[in-house]
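In what follows, chains are A, B, ... by sequence order, proteins preceding strands, each numbered from 1. In what follows, every heavy atom counts, from backbone to side chain, and hydrogens, waters and symmetry copies are set aside.
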Amino acid sequence: MKQSRLIGRTLREVPKDAQTAAHALMLRAGFIQQLSAGVYIYLPLLHRTLHKISQIIREEMNAAGGVELLMPALQPRELWEETKRWERYTAVDGIMFAFKDRRGATACLGPTHEEVITDILRREIKSYKDLPRCAYQIQTKFRDEIRPRFGLMRAREFIMKDAYSFDADEAGLDASYEAMRQAYHRICQRLGFQYRAVEADSGAIGGSGSQEFMVLADTGEDTILFCDQCDYAANQEKAQSKLAEFPQDAELQPMQAVLGEGLIGVDKLAKFLNIPVWKTTKTMLYEADDQLVAVMVRGDCGVNEVKVTNHLGCKALRLINAEKIKELTGAEVGYAGPIGLPPSVRLIADHYVKGRVNFECGANQTNYHNINVNFGRDLPEPEFGDFKLAKDGHGCPRCAGRLKAARGIEVGHIFKLGTKYSEAMNCSYVDTEGKPHPVIMGCYGIGVSRMAAACVEQSHDDKGIVWQPQVAPFHLHLVALNLEDAVVAQQAEQIYQRLQQEGLDVLFDDRPLRAGEKFGDADLIGLPVRLTISKRTLEQGKVEFKLRREPKAEVITLDEAVAKTRSVCGLAGR
RNA sequence: CGGAGCGUAGCUUAGCUUGGUAGAGCGCUUGGUUUGGGACCAAGAGGUCGCCGGUUCAAAUCCGGCCGCUCCGACCA
């Protein structure tokens with residue numbers, strides 16, 4: 001492609017909306033433009049990269065037994081009513097773009113495609129002989145995110161690869177899931193990511209297994225935890241952890257309410273009461289759908305709302321507001337405790353709240369804290385479960401190691417779905433005895449446009465993007481100087497043709513600009529190889545070859561440059 | 001959803017407090033000198049100051065409404 005024909009000019013200054021390095025670089029280098037909040041134009045350079053990423057994904061999906069199709073983005077409400085997800089996605093979470101068409105029928109722009117694919121397959125599958133099946137598509141998805149962020153990282157319209165597997169039994173699902181898991185690893189490896197696969201929460205979607213593929217980056221929106229000794233790794237929503245346990249008092253002390261004004265925060269509180277922080281207790285009040293719930297965790301921990309949501313089986317869980325807290329506890333925020341709550345409040349507690357003798361908790365009275373509280377004597381034992389948020393420094397749940405925290409960009413997520421959709425939508429098959437069974441499903445997503453952003457996030461310097469050859473929009477940047485010289489211009493054109501004949505993707509900077517501007521743009525765009533030709537190099541019968549990731553250039557023959565470029569870009573030699 | 005901020009030329013912005021009909025840098029056009037890391041000189045083009053309404057002799061500026069965009073919050077019990 002001739003750069004004089006390219007759409008998407010480079011910008012010298014950083015657009016003010018850019019929040020991360022990758023976002024700023026994509027805007028400045030002419031890869032994206034914002035059309036509205038969380039909606040981006042994919043300019044030609046990015047379009048080519050998206051195509052290359054998609055192609056790698058296709059190859060791995062096909063190798064894993066997937067077949068590609070393309071489903072409508074526009075979906076009817078009725079399908080979503082079948083799985084009871086319409087209300088959740090519109091009214092509860094509000095994540096779906098929904099509207100009425102001219103006939104008054106309600107439709108939506110698909111945020112995901114479980115309903116549509118299940119509809120297709122329930123007409124396709126009759127017998128166990130029709131299984132397994134795995135379908136995938138690469139398509140634009142729409143999600144009305146609460147807060148679009150970081151350019152392509154969290155957009156409201158984005159490109160996703162979604163795959164769905166259909167099996168007759170659990171063993172089949174396991175095999176399908178495993179094939180996808182391996183394909184995902186290969187995709188991440190081929191894209192050159194520094195990444196980790198982590199255990200993830202499968203949430204209300206249900207199912208028995210789920211993993212996320214996280215590209216490691218400080219700007220990542222998710223926190224992951226991994227063991228420094230074994231291979232345990234999980235996202236924070238899912239992560240379990242062990243806490244240090246402490247020797248307990250031999251005797252129960254009398255419970256007592258202590259006045260301690262304005263002690264917000266467990267560290268201050270523990271210091272004031274002269275007790276260790278682990279003896280303090282946080283009691284958080286939530287509204288779970290229309291039920292009130294109090295969650296107790298040890299004072300040095302936070303509540304993992306995902307774990308609580310799963311335990312309660314509720315749709316929405318949110319902290320209640322200050323007024324309501326006062327109404328329920330009779331105290332200002334900060335003094336809630338388990339004793340004396342109205343019976344309408346369901347009390348649950350983290351495992352590590354248990355087993356403590358003479359612990360502290362809020363007294364449900366402003367400025368008062370109960371000390372020397374004990375289950376059994378002062379209050380009945382609540383329901384126990386794993387409700388705490390795992391953190392850096394906690395113990396590994398599998399071994400004696402410690403958990404470390406890191407930030408990650410979720411580029412892929414694989415799920416065992418089970419029969420949630422197949423049962424709701426009656427997608428079944430008959431076995432060898434003619435008995436019907438619901439099909440067992442899995443679903444597997446990759447954020448294609450997010451992967452492009454992750455590539456830039458992981459590979460850039462102060463001058464611009466440093467593309468990995470396999471996803472770069474072009475293999476090489478042919479930068480021609482001295483184009484006012486007719487001989488140079490003609491030879492540049494010939495070299496451009498020759499490089500293309502060699503099977504290389506070439507961006508030919510044929511613009512009549514000064515060297516500095518051209519080199520600046522080349523660094524910004526970040527193609528793996530830069531070939532410079534000028535009066536000077538052509539007089540020597542050579543070209544200047546430079547790798548984007550290396551500081552130095554060398555002057556070599558065109559043949560050598562072609563061979564080196566092919567090698568750098570992983571193309572077979574000729 | 002709650003809170004905050006912003007909206008002036010393609011981009012980055014000054015001007016707004018204290019009303020008097022808009023200025024800069026980059027980019028763009030033309031001419032000239034330059035020509036391997038964003039050069040210089042000269043002359044230009046380009047703005048309904050987000051939209052609607054109000055106050056006023058007069059509004060980018062003050063007031064109200066709307067729209068758009070951005071940021072922050074959802075460990076505090």
Side-chain angles (χ1 to χ4, degrees), chain A residues 8-19 23-24 27-28 30 33-39 91-94 144 146-151 236 262-269 280-287 294-305 308 316-322 324-326 328-329 331-338 341 360-370 387-389 391 463-464 479-485 488 509 511-524 530 532-538 543-544 546 551 553 555:
Chain A
R9 58 170 59 242
T10 54
L11 304 174
R12 192 94 72 99
E13 302 192 63
V14 181
K16 63 170 183 275
D17 291 347
Q19 299 147 51
H23 186 193
L27 287 164
R28 283 188 55 215
Q33 280 170 8
Q34 182 170 346
L35 188 62
S36 67
V39 179
V92 180
D93 291 342
D144 194 0
I146 297 174
R147 196 123 103 75
R149 234 196 281 246
F150 304 153
Q236 198 173 27
L263 291 171
I264 300 297
V266 293
D267 289 320
K268 268 207 234 163
L269 176 67
T280 65
T281 309
K282 288 179 186 167
T283 307
M284 310 283 285
L285 293 164
Y286 288 93
E287 204 165 26
V295 184
M296 297 172 72
V297 290
R298 219 169 77 174
D300 52 342
C301 294
V303 174
N304 183 327
E305 297 186 359
V308 173
L317 182 78
R318 56 180 86 90
L319 283 170
I320 66 176
N321 61 32
K324 212 128 181 230
I325 287 178
K326 196 159 185 190
L328 278 173
T329 66
E332 300 294 330
V333 174
Y335 304 95
L341 289 173
E360 176 280 344
C361 59
N364 290 328
Q365 188 182 349
T366 303
N367 292 330
Y368 282 88
H369 312 271
N370 283 331
F387 302 128
K388 73 175 192 309
L389 200 60
K391 283 194 302 199
K463 289 190 175 140
V479 177
L481 305 178
N482 315 124
L483 283 168
E484 68 288 346
D485 183 321
V488 177
D509 188 349
R511 303 170 302 169
L513 299 178
R514 303 174 65 82
E517 295 174 79
K518 294 189 156 210
F519 291 149
D521 279 355
D523 288 341
L524 188 55
R530 186 182 84 193
T532 306
I533 51 178
S534 65
K535 207 175 206 170
R536 197 204 279 172
T537 61
L538 293 175
V543 298
E544 181 192 273
K546 181 183 173 301
V555 177

ask   = Got a donor-acceptor pair under 3.5 Å from the side chain of A:Arg530 to the base of B:G37?
value = yes

inquiry  = At less than 4.0 Å, is any side-chain N or O atom of A:Gln34 found next to OP1 or OP2 of B:G68? Yes or no.
reply    = no

inquiry  = At less than 3.5 Å, do the side-chain atoms of A:Lys16 and the base atoms of B:C6 form a donor-acceptor pair?
reply    = no

ask   = Which one, B:C75, B:A77, B:G73, comes nearest to the side chain of A:Ile146?
value = B:G73

task = Measure from CD on A:Glu484 to C1' on B:G32 and round the result to the nearest Å.
result = 16 Å

query = Which nucleotide in the list B:G36, B:A77, B:A39 gets nearest to the side chain of A:Val333?
reply = B:A77

query = Of the nucleotides B:G36, B:A77, B:U12, which one has an atom closest to the side chain of A:Pro15?
reply = B:U12

Contact under 4.0 Å: A:Arg12 side-chain N or O vs B:G27 OP1/OP2 = yes

ask   = Choosing from B:C69, B:G37, B:C72, which nucleotide comes nearest the side chain of A:Asp523?
value = B:G37

query = Given atom CG of A:Asn482 and atom C1' of B:G36, what is their separation to the nearest angstrom?
reply = 8 Å

ask   = Taking the side chain of A:Asp17 as heavy atoms from C-beta outward, which of B:A74, B:C69, B:C72 is closest to it?
value = B:C69

ask   = A:Ala515 has a side chain; which of B:G38, B:C72, B:G36 sits nearest to it?
value = B:G36

ask   = If you check the A:Glu13 side chain, which of B:U12, B:G27, B:G38 turns out closest?
value = B:U12

query = Of the candidate nucleotides B:A77, B:C75, B:G36, which contains the atom at the shortest distance from the side chain of A:Leu389?
reply = B:C75

